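In what follows, a structure is listed as structure tokens, so that the remarks can point back to it.
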Amino acid sequence: MTNALFTLPGFAEGRLIGLLLLILLFALTINFMGQAKLPYIRRVPALDAIEDAVGRSTEMGKPVVCSFGIGGFDYWTVAGLSILGYVAKICAETDTRLIVPTGGGSETYITREAAVDLVRNAYTAAGRPETFNEEDMPFLSGEQYAYTPGYVGILVRERPGATIMTGSHYSEAMNIAEMANGVDSITITAGCYTSNMAALACASDYIMLGEEQPAAGAYLSRDPAQMASIRVQDIYKFIAIGTILLGLVVVNFGSDIINRLLST
Amino acid sequence: MSSFFRSRSVQMTILVVSFLLVFVPYFIPWGPLDWLSGKLMTIAAVTNAFTIVIAVYSQFRRSGRFINQRRKGWVYHIYLLALLAIMTLSGFILGQHGGAYEWLLLAVVTPLSSVIYGMLAFYMSSAGARAFRARSPQAALLLLAGFVVLLYQAPLTGAYFPGIEGAAVYLTDTFGMSVSRMFSISVSIGAIVLGVRMLTGKEVAFLGFGEGEE
């Protein structure tokens with residue numbers, strides 16, 4: 001460990017810069033959340049595909065399968081729920097059956113309830129509350145590898161016209177995406193797991209890579225809080241890139257100032 | 001009393017106090033605060049373990065409804081509840097180690113999970129075979145890079161073409177790692193911002209509240 005550049009009495013050594021960056025992040029987020037002006041977010045191609053895929057299912061008289069991941073209330077799940085809300089809205093308007101397999105992790109007992117409310121509200125808002133069927137949102141299992149065959153079983157039995165996987169799906173995503181492809185379903189996925197993202201891109205018709213998913217969630221929800229996330233992330237990414245470049249330059253001049261600045 | 005704890009303001013207060021108790025000692029180490037923070041972590045871990053009780057209770061209620069009303073697939077719910085009961089009772093009565101519970105876990109649950117995980121290789125191969133086409137110079141370059149890394153992963157290829165190791169390690173340690181780190185930085189910032197949204201009450205679904213609900 002290199003010696004930290006700044007230390008203050010009473011503070012843990014090397015954590016001052018981290019604290020300042022966090023305070024700045026808090027301030028920026030709160031500031032952007034309060035702003036009425038929404039930033040420009042480019043429309044992600046996979047979003048257009050969602051509308052087409054649901055339309056295809058409607059024409060073929062097939063259901064749409066859409067899941068929001070197997071994680072708790074994390075970064076990906078919040079984005080996944082926004083996309084699920086959008087899919088539920090289109091399905092409710094076009095009177096297309098929507099199946100939402102839930103489960104896959106112990107925390108999904110909590111997220112499932114939020115998803116049920118979200119889909120029910122979408123059907124109510126579309127003026128078709130009677131078509132909402134909670135049994136089309138089965139809880140498959142709290143275990144990842146029990147959830148996977150349950151999901152695959154739904155695909156084989158129901159033969160959906162579109163399969164949309166959002167939120168945090170991990171290794172099970174490949175099994176599901178390939179099976180969806182096997183039953184001739186349009187497959188739209190969101191990759192949040194670097195280890196299988198490339199393979200998932202091969203298996204899917206459309207994919208939202210990494211941050212495209214939260215951006216899509218923010219774009220669809222128009223929620224200032226989600227928009228603020230995107231703006232703050234962009235600013236911090238520029239700070240990270242700047243620090244990396246600066247670090248490269250100063251290290252080549254024999255200085256360890258950036259190392260000491262970020263030392264923990 | 002229960003309505004008091006269900007109110008949004010009380011839950012938000014608990015959230016903010018818990019956050020400060022973990023956040024502050026990380027930056028300002030101070031004995032009593034560290035002790036409080038440690039205690040809070042233990043309470044959180046114990047509370048978290050108790051959620052499984054709620055989960056089992058919810059599953060019994062839901063499956064019971066299915067069976068009572070003879071809904072589609074009700075027989076599978078009997079099967080599910082029976083297995084749930086066998087696993088739970090064998091763990092409580094016969095103990096976790098060396099008994100039926102361990103056998104069920106090691107001889108049934110773990111192999112079944114491994115089978116599902118192992119099937120991933122076949123799915124990845126079929127997806128790769130369908131998608132790996134050199135339709136453009138960029139796609140050809142990507143295909144070549146993927147091919148080098150794949151060959152390096154196979155032990156036999158490494159033995160016959162030792163030179164491939166340098167190329168594969170260069171590709172994964174420079175291009176692969178830089179992309180992966182940028183991804184991690186971005187996700188970490190996103191997670192912190194989500195935390196700010198939760199602390200400021202802009203994200204309340206995780207507390208079980210709908211929009212505008214008090």
Side-chain angles (χ1 to χ4, degrees), chain A residues 10-12 15-16 18-19 22 25-26 29-30 33 72-76 78 81 106 109-111 113-114 117-118 121 135 139 142-146 148-149 171-172 174-175 177-179 181 192 194 196 198-203 210-211 214 223-226 228-229 232-233 236-237 240-241, chain B residues 23 25-30 48 51-52 54-55 58-59 62 66 71-73 80 109 112-117 119-120 122-124 126-132 142 146 176 178-180 182-194 196-200 202-203 205-206 208 210-211:
Chain A
F11 267 84
R15 288 180 184 167
L16 186 64
L19 179 64
L22 271 175
L25 187 142
F26 269 61
T29 310
I30 291 166
M33 280 194 301
F73 266 105
D74 59 15
Y75 178 52
W76 304 108
V78 171
L81 285 171
S106 53
Y109 285 109
I110 303 164
T111 51
E113 296 310 312
D117 283 347
L118 192 80
N121 289 345
E135 279 167 34
F139 183 81
E143 288 286 329
Q144 183 185 14
Y145 292 122
T148 313
S171 58
E172 81 284 357
M174 270 308 291
N175 301 35
E178 267 302 273
M179 191 49 72
N181 193 278
C192 74
T194 42
N196 77 346
L200 194 58
C202 295
E211 281 184 281
D223 171 20
Q226 286 197 44
S229 298
V232 175
Q233 270 170 271
Y236 267 68
K237 261 188 282 180
I241 293 168
Chain B
F23 183 81
Y26 180 76
F27 294 100
I28 307 168
W30 183 50
N48 201 27
T51 56
I52 195 75
I54 300 168
S58 307
Q59 190 58 56
R62 188 168 170 271
F66 257 83
R71 291 195 211 161
K72 191 181 168 190
L80 173 81
V109 178
L112 282 175
S113 296
S114 303
V115 166
I116 301 293
Y117 187 68
M119 280 162 68
L120 196 65
F122 299 103
Y123 286 121
M124 283 171 99
S126 66
R130 218 175 43 248
F132 288 165
L142 197 66
S178 57
V179 170
S180 166
M182 205 62 227
F183 188 79
S184 306
I185 290 170
S186 191
V187 170
S188 309
I189 296 164
I192 299 169
V193 176
L194 178 66
V196 179
R197 274 157 45 192
M198 287 171 167
L199 284 168
T200 50
K202 300 283 178 189
E203 200 72 63
F206 74 104
E211 229 170 283

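Residue numbers start from 1 in every chain, and the chains themselves are labelled A, B, ... in the order their sequence lines are given, proteins ahead of strands. All values reported here derive from a predicted model rather than from experimental measurement.
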- Task: Answer yes or no: is there an ion pair linking E178(A) with R130(B), defined by an N-O contact shorter than 4.0 Å?
- Result: yes

For [X], is it the side chain, the backbone, both, or neither that has a heavy atom closer than 4.5 Å to a heavy atom of chain B?
X	value
L25(A)	side chain
S229(A)	both
Q144(A)	neither
M33(A)	side chain
A240(A)	side chain
N181(A)	side chain
L22(A)	side chain

- Query: Who pairs with E143(A) by salt bridge (Lys or Arg N to Asp or Glu O under 4.0 Å), at least two apart in sequence or on another chain?
  - Reply: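 Checked E143(A) against salt bridge (Lys or Arg N to Asp or Glu O under 4.0 Å); zero matches.
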
Separation between [atom1] of [X] and [atom2] of [Y], rounded to the nearest 0.5 Å:
X	Y	atom1	atom2	value
Y117(B)	E172(A)	OH	CD	11.0 Å
Y145(A)	S114(B)	OH	OG	9.0 Å
L16(A)	F27(B)	CG	CZ	9.0 Å
K202(B)	I30(A)	NZ	CD1	9.5 Å
S171(A)	Y123(B)	OG	OH	12.5 Å

With only heavy atoms counted, which part of [X] is less than 4.5 Å from chain A, the side chain, the backbone, both or neither?
X	result
L120(B)	both
S186(B)	both
L199(B)	side chain

- Keeping the roles fixed (side chain from Q233(A), backbone from I189(B)), state whether a donor-acceptor pair exists under 3.5 Å.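 Side chain of Q233(A) to backbone of I189(B): no pair is present.
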
So which heavy atom on [X] is nearest to which on [Y], and how close?
X	Y	answer
R15(A)	Y26(B)	NH1-O, 2.8 Å
C202(A)	A127(B)	CB-O, 3.7 Å
F139(A)	R62(B)	N-NH2, 3.8 Å

- Message: So if I apply the side chain to side chain contact (heavy atoms under 4.5 Å, CB included) rule between Y75(A) and each of I192(B), V187(B), V193(B), which one comes out positive?
- Response: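 Only one option passes, and that is V187(B).
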
- Heavy-atom side-chain contact between I116(B) and P149(A) under 4.5 Å: yes

- Indicate the ring-plane relationship of F23(B) and F26(A), choosing parallel, tilted or perpendicular according to the 30° and 60° boundaries.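 Judged by the thresholds at 30° and 60°, the geometry between F23(B) and F26(A) is tilted.
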
- Task: For each of S126(B), G176(B), P25(B), A191(B), tally heavy-atom pairs with chain A at distances under 4.5 Å, and name the one with the top tally.
- Result: S126(B)

- L112(B), L80(B), V196(B), V115(B): which one forms the most heavy-atom pairs within less than 4.5 Å of chain A? V196(B)

- Message: I need the residue from D74(A), V78(A), T148(A) with the largest number of non-hydrogen atom pairs under 4.5 Å to chain B.
- Response: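 Most heavy-atom pairs under 4.5 Å with chain B: V78(A).
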
- Item | Between T29(A) and R197(B): side-chain donor-acceptor atoms closer than 3.5 Å |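 Side chains of T29(A) and R197(B): no pair found under 3.5 Å.
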
- Message: Before you tell me yes or no, could you show the steps for F73(A) and M198(B) under side chain to side chain contact (heavy atoms under 4.5 Å, CB included), namely the whole-Å CA-CA distance, both residues' side-chain angles and the distance that decides it to 0.1 Å?
- Response: CA-CA 10 Å; F73(A) 266 105; M198(B) 287 171 167; 4.3 Å; yes

- Item | Intermediate values then yes/no, side chain to side chain contact (heavy atoms under 4.5 Å, CB included), M174(A) and M119(B) | CA-CA 10 Å; M174(A) 270 308 291; M119(B) 280 162 68; over 6 Å; no

